[in-house]
Amino acid sequence: MKLPRPLYSLYESRLASSLKEDTLPHHVGVLVDGNRRWARQFGASTADGHKAGAQKIVEFLRWCADLNIDVVTLYILSTENLKRPQEELTALIEIISGLVTQLQDEALCRIQPVGALDSLPPRLREQVECIAESTANNPGPHLNIAVGYGGRQEIVDAVREVIRDTRDRGDSVEALAETLSVDDISARLYTRGQPDPDLLIRTSGEQRLSGFLMWQSAYSEFYFCEALWPDFRRVDFLRALRNYATRQRRFGN
């Protein structure tokens, strides 16, 4: 049962005021899932679902800015998504391009693309490759926009970079095998230099990570929400943050 709007607003306000700044995550990752199912519910096109999802991203980033969330990573386009039917993929790429332009124009955040950018269509690749520099001085959170992203591919790319660096130093592969460390891999991930995600959220009721931040999420807290991404409300986000605040993070200890 839905609460009347005044009661809903009061509940949301109280929920927000109950959150303490020192219990909020510094880095939140979100698998923005459910756009296509949302569209089917209304007899709309897949493209309409992706458009609604893109606008929810803009709204979500405003929530994060209001709460002073430092880093946000959004899983927008996976390497598997690139195998979708050409008609759907073309529309999706156009919507992502429009989203990036909107975020750039509204100066909501600092944007860094993370993914195998070589796998993207040339126009989108060119657009996202220059976005970090043009948004570097924006206020708001640092946004990792995961496009052409796959967690396994990220680790493979990191290992390849380790091997290339070893070769360029003139060291042997045998020496690398003896000294290779976790830090060597972490320092070459797409998100290098950033804190690992504290909280990962997936919408649409699915309870899996689908390769999202596989390395970085070793000690992340997970929160699965039934709402489809376009229906994800600020109160759903606040509930996720409240749940996170109750967790005791042990980091393996």
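Numbers here are sequence positions counted from 1.
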### Task
Report the C-alpha distance between Arg233 and Glu12 in whole Å, list the side-chain angles of each, state the deciding distance to 0.1 Å, and finish with yes or no for salt bridge (Lys or Arg N to Asp or Glu O under 4.0 Å).
CA-CA 10 Å; Arg233 304 164 299 172; Glu12 182 180 298; over 6 Å; no

### Message
Whether the Gln216 and Thr191 side chains hold a donor-acceptor pair (N or O, under 3.5 Å, no angle test) is what I'd like checked.
### Response
yes

### Message
With side chain to side chain contact (heavy atoms under 4.5 Å, CB included) as the criterion, how do Val147 and Leu117 come out once you've worked through the C-alpha distance, each side chain's angles and the decisive distance to 0.1 Å?
### Response
CA-CA 7 Å; Val147 286; Leu117 302 187; 4.3 Å; yes

#### Entry: From CG (Leu238) to CG (Leu15), nearest 0.5 Å
4.5 Å

### Task
Kindly say whether Ala39 contributes a backbone atom to a donor-acceptor pair with the side chain of Asp48 at under 3.5 angstrom?
no

### Message
Can you confirm whether Arg169 is buried at CZ, in the sense that more than 12 heavy atoms of other residues, nucleotides or ligands lie under 6.0 Å from that atom?
### Response
yes

### Query
So, do Phe224 and Ile201 sit near enough that their side-chain heavy atoms are less than 4.5 Å apart?
no

### Query
Does the distance from a Lys or Arg side-chain N to an Asp or Glu carboxylate O, for Arg234 and Glu59, drop under 4.0 Å?
no

### Query
Which heavy-atom pair separates Pro230 from Gly53 by the least distance, and what is that distance?
CG-N, 4.1 Å

### Message
Using the rule side-chain contact (heavy atoms from CB on, under 4.5 Å), only one of Leu19, Leu199, Asp70 pairs with Leu24; which is it?
### Response
Leu19

#### Entry: Path from Ile155 to Val114 over hydrophobic side-chain contacts below 4.5 Å
no

### Query
Cluster question for you: counting only ILVMFWY and a side-chain heavy-atom cut-off of under 4.5 Å, with indirect links fine, are Val182 and Val162 together?
yes

### Message
Nearest 0.5 Å, please: how far is CD1 in Ile57 from CD1 in Ile145?
### Response
6.5 Å

### Side-chain touch Glu106/Val58, heavy atoms, less than 4.5 angstrom
yes

### Query
Looking only at heavy atoms, which two atoms of Leu241 and Leu67 are closest? And how far apart?
CD1-CD1, 3.5 Å

### Task
Considering only NZ, NE, NH1 and NH2 on the basic side and carboxylate oxygens on the acidic side, decide whether Arg37 and Glu206 come within less than 4.0 Å.
yes

### Message
So that I can tick it off, tell me whether Asp157 and Arg188 are bridged by a salt bridge, with the cut-off set at under 4.0 angstrom between side-chain N and carboxylate O.
### Response
no

### Pairwise side-chain contact, Ile131 with Gln104, heavy-atom cut-off 4.5 Å (strictly under)
yes

### Message
Is it true that Arg202 and Ser210 share a donor-acceptor pair across their side chains at a distance under 3.5 Å?
### Response
yes

### Task
For the pair Arg192 and Glu161, evaluate salt bridge (Lys or Arg N to Asp or Glu O under 4.0 Å) and give the outcome as yes or no after the intermediate values.
CA-CA 13 Å; Arg192 67 192 71 180; Glu161 190 171 337; 3.1 Å; yes

### Query
For the residue pair Phe60 and Val72, what are the closest heavy atoms and their distance?
CE2-CG1, 3.9 Å

#### Entry: Any side-chain heavy-atom pair of Trp215 and Glu154 under 4.5 Å
no

### Task
Check whether any side-chain N or O of Ser97 sits under 3.5 Å from a backbone N or O of Leu124 as a donor-acceptor pair, and report yes or no.
no

### Task
Can you label the angle between the Phe232 ring and the Trp229 ring as parallel, tilted or perpendicular, going by 30° and 60°?
parallel

### Query
With a 4.5 Å heavy-atom cut-off, do Val128 and Ile111 have their side chains touching?
no

#### Entry: Shortest non-hydrogen contact between Leu92 and Leu77, atoms and distance
CD2-CD1, 3.7 Å

### Query
Going by atom types only, do Asn81 and Ser78 share a side-chain donor-acceptor pair under 3.5 Å?
yes

### Task
Determine, for Glu94 against Arg123, whether the closest basic-nitrogen to carboxylate-oxygen distance falls under 4.0 angstrom.
yes

### Task
With the side chain counted from C-beta on, respond yes when Asn144 and His27 share a heavy-atom pair under 4.5 Å apart, and no when they do not.
yes

### Check: Gln112 side chain, Tyr190 main-chain N or O, donor-acceptor pair, under 3.5 Å
yes

### Query
Just wondering, more than 12 heavy atoms not from Glu126 lying within 6.0 Å of its CD?
no

### Message
Using the rule that Ile, Leu, Val, Met, Phe, Trp and Tyr join whenever any side-chain heavy atoms are under 4.5 Å apart, tell me whether Leu189 and Ile163 fall into a single cluster.
### Response
yes

### For Ala54 against Ile95, the heavy-atom pair lying closest together
CB-CG2, 3.9 Å

### Task
Tell me yes or no: between the side chains of Thr79 and Gln153, is some donor less than 3.5 Å from an acceptor?
no

### Query
What do you reckon, is CG of Asn137 surrounded by more than 12 foreign heavy atoms closer than 6.0 Å?
no

### Heavy-atom check, side chain of Phe237 versus side chain of Cys64, under 4.5 Å
yes

### Message
Working to the nearest 0.5 angstrom, can you tell me the gap between Trp38 CH2 and Thr46 OG1?
### Response
11.5 Å

### Main-chain N/O of Ser9 paired to Ser13 side chain as donor or acceptor, under 3.5 Å
no

### Query
Just by distance, with hydrogens left out, do Asp184 and Ser181 show a side-chain donor and acceptor under 3.5 Å apart?
yes

### Summary
Rounded to the nearest 0.5 Å, the CZ atom of Arg62 sits from the SG atom of Cys109 at a distance of 10.5 Å

### Task
Please answer: with hydrophobic residues joined when any side-chain heavy atoms are less than 4.5 Å apart, are Leu228 and Leu209 in the same cluster?
no

### Query
Are any of the side-chain heavy atoms of Val28 and Val71 separated by less than 4.5 Å?
no

### Task
Identify whether Leu103 and Ile93 are in the same connected component of the hydrophobic contact network (ILVMFWY, side-chain heavy atoms under 4.5 Å).
yes

#### Entry: Whether Ser119 side chain and Ala116 backbone form a donor-acceptor pair below 3.5 Å
yes

### Query
So, Asn243 and Arg247: side-chain donor and acceptor under 3.5 Å apart, yes or no?
yes

### Query
How close do Val32 and Leu74 get, heavy atom to heavy atom, and via which atoms?
CG1-CD2, 4.4 Å

### Task
State the OG1-CG distance between Thr73 and Leu213, to the nearest 0.5 angstrom.
5.5 Å

### Query
Distance from Leu200 atom CG to Tyr75 atom OH, nearest 0.5 Å?
12.0 Å

